[in-house]
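Here is the structure we will look at.
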Amino acid sequence: MRLRALLETEALGLRLLGGEDELDRTVRGVMTTDLRDPSRYLSGGELVLTGLAWRRDASDSEPFVRILAGAGVAGLAAGEAELGDIPADLVEACLQHRLPLFAVHETVAFATITEHVVRQVSGERAGDLAAVVDRHRRLMTSGPAGGGPEVVLDLLTSDLDLRAWVLSPTGRQIAGAGAPLPGALGAALAGRHLAATRTGRRGPHRAAVAGTTYSLFPIRNTGRGAVPAARDVRESVLSDWLLAVEADASDWPAARLDLLQGVTQLIAVERDRRDAARTVRRRLAQEVLELVQAGAAPAEIAARLRVAAPVLLPGLGAAPQWQVVVARVDWTATDTPGPGGVPGDIAGGPAAQALLEEILVDPAVSGPDSADRIAVAHTGEEAIALVPLPAVPAPLPDTVGGPTDTTAGTAETAAAPESGEPAAAQDPALHADALLAAVREPLSAGLADDGRLTLGVSAAVHSAEGLRGALEEARHARRVAAARPGRVCAAGHHELASHVLLLPFVPDDVRRAFTARLLDPLRDYDRRHRAELIETLEAFLDCDGSWTRCAARLHLHVNTLRYRVGRIEQLTGRDLSRLEDKLDFFLALRMS
């Protein structure tokens, strides 16, 4: 805006004292100061407001004005509330340095002028940016020449002084301007966004994290695969991106909010383009999955894998190992008719597919991400990922004999890395708990009280013959995860070789009867006497029946521990020196 426009605004109560020839100067901001030297806080183009507290005598005016003029400020406005008329020495100094000078009437607060300038300057910048965004939209919708969402975020930073990031539903950074967003902060913002979206509130959502306020704008999928606007929010809550802006948008004017909504629509175009690029990988996974489930010959499956390998691992010389990951999203049925007209009829397969593609991306990777090496299909309510693993060179044989099968050796190396080397360097395989470590918090917020995500991971296989077994292994692991409490659960293949595999398939009535028979007498005794027998039993079994280790863990004398164990045996009729009774107690505690 121009200085002239401020003078013509009667509500501001400005009176020109000098510099009429300079009224076409552009005002880019406003600053209030009573410092004798405010130069460190000036960047040029400001309207400086002062109450003249810095002036002790006439000799102070010229140095103050010289500093302002050297900093390139647009003009000076001095308040009349403190001294009445503006001192003549200040008027002369402004004329000498060609700095426009205004008098501010004592009835006008500096805050009124500041608010007016900020509103006008922001409105003009937003209008300029809106034109740039509109041009960028045309570029992106007509082809890839627009440069992606980073260009738009750079414009927000340079023209509106807004820092912004595009985040996935797990909080992983897709794009950003300037410094990357820390992973923990991204996850926290995504969790706040998902929780607010589940309540049905319209965006933008306000979130305060670590003393900083952010505004979270949803980025809706607008492509051919998008769900209609009348959808249940649960169908998209776990797959939509969001735009996180470091600002409080609650008091923004409508024009600025409209501009940010336009930015989200522009970014949605890029989302659609990336989803379209995944179509080939999804189709490859679907074809392999259909062959595996149909019991096709290993040679036919191997041929299909040879087609998939160059797409998923460009430049790879040898066929990689493969792992299978199975995920499922389940929603509690409600009385609200779903898209199919049936209460609670929410398709979980597509949501699980998009979510599994996100989960399998390395959380430390930003930008276009490593999802171009992930192929995920969905069948019914399940999402099934076929994940290639880069081959690890097998160690050379140190005994006399024939040549070692490199691929088989790779599988062994991945399964059992040498203790002297980092596991990450030797073992490229996926691990169930690690997959969910970075995404558990935000996804739990999106699932709220009526959704669950369960995930199972197979062992690595190095041939087509192993894929059918890997698929069944991953499905079994997912069922083990489903039997656990919590909104987001996972299990891996290593858990299928223990009692953990059996527990999920024990009928609920049998489970309740078994645990009640063994543990209820102890719980009742604890409630009456605060004896902590259950805690003592858990510690005793965890210490493998060692009296000294268990007493040390519980900070008890060994004789006190022996008394408690004796009470447990008396109440239950069991003998904790017998393996069978120890095993029964162990399983009862696990099932309770």
Side-chain angles (χ1 to χ4, degrees), residues 280-328 353 356-357 360 373-380 382-397 401-417 426-432 435 455-481 490-498 500-501:
V280 173
R281 298 191 296 276
R282 288 176 171 177
R283 187 165 58 245
L284 285 172
Q286 194 73 41
E287 291 173 354
V288 173
L289 176 62
E290 290 172 357
L291 289 174
V292 170
Q293 294 190 126
E300 186 178 359
I301 300 174
R304 185 63 61 184
L305 288 176
R306 282 194 294 272
V307 173
V311 176
L312 299 177
L313 284 177
L316 191 68
Q321 302 173 77
W322 302 90
Q323 268 183 290
V324 177
V325 183
V326 174
R328 182 178 174 120
Q353 181 183 40
L356 187 52
E357 287 172 334
L360 291 174
R373 296 187 175 187
I374 298 166
V376 181
H378 77 83
T379 173
E382 282 184 337
I384 302 171
L386 187 66
V387 184
L389 303 176
V392 178
L396 293 175
T404 303
D405 181 353
T406 303
T407 311
T410 300
E412 292 174 4
T413 303
Q426 283 274 352
D427 185 4
L430 303 174
H431 298 276
L435 284 176
L455 182 144
V457 182
S458 78
V461 296
H462 60 274
S463 66
E465 290 88 343
L467 277 182
R468 185 175 181 85
L471 176 58
E472 291 306 313
E473 193 174 54
R475 282 174 167 162
H476 277 301
R478 193 206 64 78
R479 285 194 286 271
V480 169
H493 61 90
H494 60 281
E495 300 180 61
L496 304 185
S498 73
V500 176
L501 176 61

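Just so it is clear, the model here is predicted, and its values are computed rather than measured.
- For the atom pair NE2 of His378 and CD of Gln286, the computed distance is 7.0 Å after rounding to the nearest 0.5 Å.
- Contact check for Leu386 versus Leu467: side-chain heavy atoms found under the 4.5 Å cut-off.
- Annotation: the span from Arg282 atom CZ to Glu357 atom CD amounts to 4.0 Å, rounded to 0.5 Å.
- The two residues Ala459 and Ala470 have their closest heavy-atom pair at O-CB, 4.5 Å.
- Across all non-hydrogen atoms, the minimal contact from Val376 to Gln353 is O-NE2, 2.9 Å.
- The environment of Arg304 atom CZ is sparse: at most 12 non-hydrogen atoms of other residues, nucleotides or ligands sit within 6.0 angstrom.
- Rounding to the nearest 0.5 Å gives a distance of 10.0 Å between CG of Leu289 and CD1 of Ile301.
- Of all non-hydrogen atoms in Ala474 and Val324, the two that sit nearest each other are CB-O, 3.5 Å.
- Judged by distance alone, with hydrogens and angles left aside, the side-chain atoms of Ser458 form no donor-acceptor pair with the main-chain N or O of Glu473 at under 3.5 Å.
- The two residues Ala464 and Pro298 come nearest to each other via the heavy atoms CB-O, 3.4 Å.
- Contact of the Leu455 side chain with the Leu356 side chain is registered, since non-hydrogen atoms from C-beta on lie closer than 4.5 Å.
- Annotation: side chain of Glu287 is not in contact with side chain of Leu291 (no heavy-atom distance under 4.5 Å).
- Using a 4.0 Å cut-off between charged nitrogen and carboxylate oxygen, Glu382 and Arg475 count as a salt-bridge pair.
- Under a 3.5 Å cut-off, the side chain of Arg468 and the backbone N or O of Val292 do form a donor-acceptor pair.
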